Student: 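Questions regarding the structure given below will be posed in turn.
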Amino acid sequence: MGAILAGFFGTDSQKTLQARAEASAAEIAATPGLCQAGRTMGCDDPDALGWERIEAFLQRDGICGFRLITSDQAERLRERLSANGFRLDTWDVFLTDRETALAACRPIVERGLPDGLAELDVPPTPEGAMTRRIQAMMSAAGVVPFSGSILCGDTGPAVTLALCDPSGGIAAGAHAYLPHNVASRHRSHAWGGLVAVDDAHRGKGLGRLINAMMVVAAFRDLGASHVYELVSAANEVSRRMVEACGLRHAPDLVCGLATREQAARFTR
């Protein structure tokens with residue numbers, strides 16, 4: 001694991017990808033088809049962005065994220081990628097609207113926190129100690145965290161939630177933000193994720209709790225019309241967690257990550 005630098009976290013290559021995505025924030029906000037994927041450059045409409053731009057990102061970075069593209073777009077994209085030595089790893093999209101989500105999440109949140117746990121304030125600075133601790137816990141739990149700038153909302157509207165135990169350790173965390181620009185049909189959709197629970201606190205229902213808290217915050221604090229989360233088709237535990245919070249599988253939508261054929265899967 002590489003050191004944390006300027007709010008970026010992970011290996012040198014992961015930090016480089018994060019830095020490029022953040023440096024392109026103005027371009028992402030102004031370009032139809034681009035979206036802020038957090039860890040890499042991102043696209044939510046390959047037809048609007050065009051293959052030449054996608055190919056340029058792939059040749060430069062070796063990777064490109066895709067959010068809420070249609071199943072048809074995904075199939076056409078997969079064919080183009082395969083012909084050029086890349087593959088598309090995909091995740092199922094689970095989606096909810098405000099009314100459905102709040103009806104499911106509020107009872108979970110209203111049960112309160114387990115004894116000894118407290119909710120932390122939003123991380124104050126991209127390079128602050130609390131932000132670094134949240135990133136480290138997520139990474140240890142197998143979740144590739146976003147940069148401190150995204151977690152703290154410096155690059156756009158975002159909420160990061162974390163629960164703290166009596167010793168000051170981070171017990172659980174989650175994050176939501178608005179990835180899509182004004183040209184996107186998903187402009188008011190919030191992405192929710194980075195749900196992680198420290199090993200010492202597993203088995204207490206904290207994943208479901210912190211996820212419900214994050215979904216509520218996305219509607220309350222970000223003004224989202226919908227929230228979506230991504231789940232691997234084989235991850236039954238996460239599937240049950242998001243469904244308990246009112247999200248349902250949207251089979252007509254796909255999220256994915258294009259990488260070189262020989263590359264390891266970037267994240268779960």
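None of the values given here were measured: they were computed from a predicted structure.
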Student: As an exercise, state the distance from NE2 of H180 to CD1 of I28, rounded to the nearest 0.5 Å.
Tutor: 12.0 Å
Student: Kindly compute the distance separating CG (D61) from OG1 (T259), expressed to the nearest 0.5 Å.
Tutor: 12.5 Å
Student: Look only at the side chain of E261 and the backbone of S82, and say whether a donor-acceptor pair between them is shorter than 3.5 Å.
Tutor: no
Student: Keeping H189 on the side-chain end and L178 on the backbone end, is there a donor-acceptor pair under 3.5 Å?
Tutor: no
Student: Going from CD on E243 to OG1 on T96, what distance comes out if it is rounded to the nearest 0.5 angstrom?
Tutor: 11.5 Å
Student: Salt bridge (charged side-chain N to carboxylate O under 4.0 Å, His left out) between E79 and R76: does it pass, once the steps are laid out?
Tutor: CA-CA 5 Å; E79 291 178 5; R76 285 186 273 119; over 6 Å; no
Student: OG1 of T40 to CG of L58: how many Å apart, nearest 0.5 Å?
Tutor: 9.5 Å
Student: For S167 and D165, which I'm curious about, is there any donor-acceptor pair between the side chains at under 3.5 Å?
Tutor: yes
Student: Looking at every heavy atom in both L209 and P114, which two are closest together, and how far apart are they?
Tutor: CD2-CD, 4.0 Å
Student: As an exercise, state the distance from CG of L253 to CZ of F66, rounded to the nearest 0.5 Å.
Tutor: 15.0 Å
Student: Using only atom types and a distance under 3.5 Å, with no angle test, would you say the side chain of N181 pairs donor to acceptor with the backbone of L34?
Tutor: yes
Student: Backbone N or O of S225 within a donor-acceptor pair of the R98 side chain at under 3.5 Å?
Tutor: no
Student: Checking the side chain of S238 only, and the main-chain atoms of V231 only, is there a donor and an acceptor separated by less than 3.5 Å?
Tutor: no
Student: Assess whether atom CD of E236 is packed by more than 12 heavy atoms of other residues, nucleotides or ligands within 6.0 Å.
Tutor: yes
Student: Looking at G148, is its backbone amide N or carbonyl O close enough to the side chain of T131 to form a donor-acceptor pair, meaning the two atoms are under 3.5 Å apart?
Tutor: no
Student: Where the side chain of R67 meets the backbone of P179, is there a donor-acceptor pair that is under 3.5 Å apart?
Tutor: no
Student: Given the rule that I, L, V, M, F, W and Y join up when any side-chain heavy atoms are under 4.5 Å apart, are W191 and L68 in one cluster?
Tutor: yes
Student: Might you point out which heavy atoms bring S149 and E22 nearest each other, and give the distance in Å?
Tutor: CB-OE1, 3.3 Å
Student: What closest approach, in Å, do P145 and M138 show between heavy atoms, and which atom pair accounts for it?
Tutor: CB-SD, 4.1 Å
Student: Minimum heavy-atom separation for L222 to A190, with atom names?
Tutor: CD1-CB, 4.4 Å
Student: Keeping R248 on the side-chain end and L95 on the backbone end, is there a donor-acceptor pair under 3.5 Å?
Tutor: no
Student: Report yes or no: do D44 and H186 form a side-chain donor-acceptor pair below 3.5 Å?
Tutor: no
Student: Same cluster or not: L230 versus V254, using hydrophobic residues (I, L, V, M, F, W, Y) connected whenever any side-chain heavy atoms lie under 4.5 Å apart?
Tutor: no
Student: May I ask you to check whether over 12 heavy atoms, not counting those of R187, lie within 6.0 Å of atom CZ?
Tutor: yes
Student: Examine Y228 together with H226 and report whether their ring centres are nearer than 6.0 Å.
Tutor: no
Student: Could you give the distance from CE (M137) to CD1 (I134), rounded to the nearest 0.5 Å?
Tutor: 7.5 Å
Student: If every non-hydrogen atom of I69 is compared with every non-hydrogen atom of C43, which pair is closest and at what distance?
Tutor: CG2-O, 4.2 Å
Student: Checking the side chain of R202 only, and the main-chain atoms of V197 only, is there a donor and an acceptor separated by less than 3.5 Å?
Tutor: yes
Student: Backbone N or O of E27 within a donor-acceptor pair of the S24 side chain at under 3.5 Å?
Tutor: no
Student: Is there a path from M213 to I108 through hydrophobic residues (I, L, V, M, F, W, Y) whose side chains come within less than 4.5 Å of each other?
Tutor: yes
